[in-house]
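Residue numbering restarts at 1 for every chain, and letters A, B, ... go by the order of the sequence lines.
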Amino acid sequence: MEKKLYITTAIPYVNGAPHIGHAMDYLLADIWTRYQKQQGHEVRFQVGTDEHGNKIAAKAQEENLEPQAYADRNYKKFEEFIVKVNASYTDFIRTTDQHHVAAVQYIWHKLQPYIYKGVYQGWYCVGHEAFFTDKEVQEMGGVCPDHQKPFEQLSEENYYLKTSAFTDKIREAINTGAMEIVPEFRKNEFLELIKNGLQDVSISRPRKNLSWGVPVPGDPEQVMYVWLDALSNYITVLGYPDKEGWQEYWPADVQVIGKDILRFHAGIWPAMLLGLGLELPKRLLVHGHVIVGGTKMSKTIGNVIDPIEIIDEFGLDAFRYFFSRHIPTLDDGDFTWEKFEGAYNGELGNDLGNLVQRVASMITRYQAGVIGESEQTEHDMTLYHDAMEHLEFNKALDEVWNMVRSLNQYIENVKPWSVAKEVGKDSEAEQHLSEILAHCAGALLQIGDLLLPFLPTTAAAIHDIFETGVVKQPEGVLFPKKYLHTPDPNAPKTA
RNA sequence: CGCGGGGUGGAGCAGCCCGGUCAGCUCGUGUGGCUCAUAACCACAAGGUCGCAGGUUCAAAUCCUGCCCCCGCAACCA
């Protein structure tokens, strides 16, 4: 029996608002999902939220809420966001779900052979009641800016997961491609990182330092730290270990993550799976970050872009288009409003929208909307499918646009408007015209199919217009011009 | 000498693994064409010592050596 497909996304921390990075996760996973479904596969697509930890507890307290109440309210922002980008997910997991909590405790039990008690030592701030990394302490000059007190070395008891025991197996899985890290350079980056072996990871905190989390079974003094809790979601959401059916979906075919969390998903997570006797995910799709005008997005610089704003101004498909084509799937990409608006007006409006419009219009005008018959020459789409299989979605879209361009060129070459003038004079003209226009309509239907994973609304609109054999003229045009951030070249000159 | 990626016409990129057929694509600019279309579409043109300096070769953006510059990552960061 063919295994059913499964794709996952990283679960964001509910403290905070959805941002463009989350959108990339959902978008890439959704494109893959829609593509696979189009190929006839059954796909399960997980999303969710990470809801435990000190930051949640602190935020809740600020607002005089119980942590759970805070999480209950905040996770909705993410759910709404996921719906807003039209991600066709099948499962939404919250780490505070009853089943998840119980499953994580089961996982803890099962990992016992690889769990030991150790001492965590690090820089501690009494005011924060928390540890800071060497780097953080260095940046702050050794003194906590919030409490005006020097950090001190402190140690506490933690449970550790023996990830080091799995170094060889993980390395082998990566090298053989059993767990493929895409793109290749990320794989090399990670292998380099673990050349001296994986380090054991601390997986719990004393309760006094971490109140809001999954209790460690059998030790009331300890609470689970983020790793076991959050990473487990990828299997608990399927029903692991007690509900029927999870085996049909695990191992995941693709796990979508940002480059910032590769090490956890390629190190700790596989170690957990191996400890549980489960298979490793087949592929990790590591996408880059969106930068703005050549620099990292940051609140202090104030160059943060809001995905909601883009969607509200230009529509969802325009958003999906830009971020799937102009932000390379496997690398960092640059966003500016100029680029975005240029792509919107030029590529979506002029290339595609106008093409649909001119074809629909000619068929309506010359043939009362009736689409004739033509032998459809199937465009060779090997490059498109190759790109999709290799998770290079931006390249797949490049191929679609090559088709769009060719069709515009084709129309220019055969000049249907000239042929139309011959109808009535030349006996073959009518037939010829009909074939030309039918070819155009057919090509557009094919383009619509290829766009389906990326621009579901636009794909549906194109289908709507041409699929019945009679052109159904839409109310407005696809992607009308917008000049919200750049000057309108057609505006009367003021100077 | 920490690891990795990159420096190609005004902008953004491809080509480099497997040297010649490579200087290609998109945008921008200029000229022309067309009129079905969202003042759109199509064609042509201008513009590059392919980071710098050496080397290998009949031949190098492509291989080798050295140097300069930019950008990521650098392990408890959700």
Point to revise | pair A:Leu285-A:Leu330: side-chain heavy atoms closer than 4.5 Å | key: yes
Check your understanding: Is the shortest heavy-atom distance from the side chain of A:Thr167 to the side chain of A:Arg171 under 4.5 Å?
Key -> yes
**Study point:** Verdict with supporting geometry, A:Lys187 and A:Glu180, salt bridge (Lys or Arg N to Asp or Glu O under 4.0 Å)
**Key:** CA-CA 8 Å; A:Lys187 167 182 130 182; A:Glu180 189 187 355; over 6 Å; no
Point to revise | Nucleotide of B:C77, B:U35, B:C76 approaching A:Gln199 most closely (side-chain heavy atoms) | key: B:C76
Using atom names, set out every protein N or O paired with an N or O of nucleotides 23-25 of chain B below 3.5 Å, distance rounded to 0.1 Å.
none

Point to revise | Pi-cation contact, A:Tyr225 with A:Arg205 (under 6.0 Å, within 45°) | key: yes
Revision key, fill the gap. Each base of RNA chain B marked ( ) or [ ] if paired in-strand (Watson-Crick or G-U under 3.5 Å), | if paired to another strand and . if unpaired gives .(((((((.[[[[.)....(...]]]].(((((.......))))).....[[[[[..)....]]]]])))))).....
Review point. Does the distance from a Lys or Arg side-chain N to an Asp or Glu carboxylate O, for A:Lys117 and A:Asp219, drop under 4.0 Å?
Key: yes
**Study point:** Among B:C3, B:C42, B:C76, the one nearest A:Asn408 by side-chain distance
**Key:** B:C42
Review point. How are the rings of A:Tyr344 and A:Phe479 set to each other: parallel, tilted or perpendicular (split at 30° and 60°)?
Key: perpendicular
Practice item. For A:Asp200, report the nucleic acid contact type (base, sugar-phosphate, nothing); a contact means any heavy atom under 4.0 Å. Key: base
Point to revise | B:G72 and B:C67, which share atom name P, separated by this distance in whole Å | key: 23 Å
Tabulated below should be each protein N or O lying under 3.5 Å from an N or O of nucleotides 70-72 of chain B; please produce it.
{"from": "B:G72", "atom 1": "O2'", "to": "A:Lys259", "atom 2": "NZ", "distance (Å)": "3.2"}

Point to revise | Rounded distance (Å) that lies between atom P of B:A11 and atom CH2 of A:Trp337 | key: 25 Å
Review point. Excluding sequence neighbours, so at least two apart, what forms ring pair (Phe, Tyr, Trp, His ring centres under 6.0 Å) with A:His19?
Key: A:His22
Check your understanding: Hey, does A:Lys55 reach any base, or is it just sugar-phosphate, or nothing, if we go heavy atoms under 4.0 Å?
Key -> sugar-phosphate
Practice item. Rounded to whole angstrom, note down the P distance from B:G10 over to B:G6. Key: 22 Å
Review point. Is A:Pro480 touching bases, backbone alone, or none of the nucleic acid, heavy atoms closer than 4.0 Å?
Key: base
Point to revise | Whole-angstrom distance between B:A14 and B:A23, as gauged at atom C1' | key: 11 Å
Exercise for review: Using the C1' atom on both, measure B:C63 against B:C18 and round to a whole Å.
Suggested key: 11 Å
Review point. Between A:His326 and A:Phe340, does the ring centroid distance fall short of 6.0 Å?
Key: no
Could you list all N or O pairs between the protein and nucleotides 30-33 of chain B that sit under 3.5 Å apart?
{"from": "B:G33", "atom 1": "N2", "to": "A:Glu412", "atom 2": "OE2", "distance (Å)": "3.1"}

Check your understanding: Take atom NZ in A:Lys259; do more than 12 heavy atoms of anything else shown fall under 6.0 Å from it?
Key -> yes
Check your understanding: Hey, can you pull the residues of residues 350-367 of chain A with a non-hydrogen atom under 4.0 angstrom from RNA chain B?
Key -> A:Asn350, A:Asp351, A:Gly353, A:Asn354, A:Gln357, A:Arg358, A:Ser361, A:Met362, A:Arg365, A:Tyr366
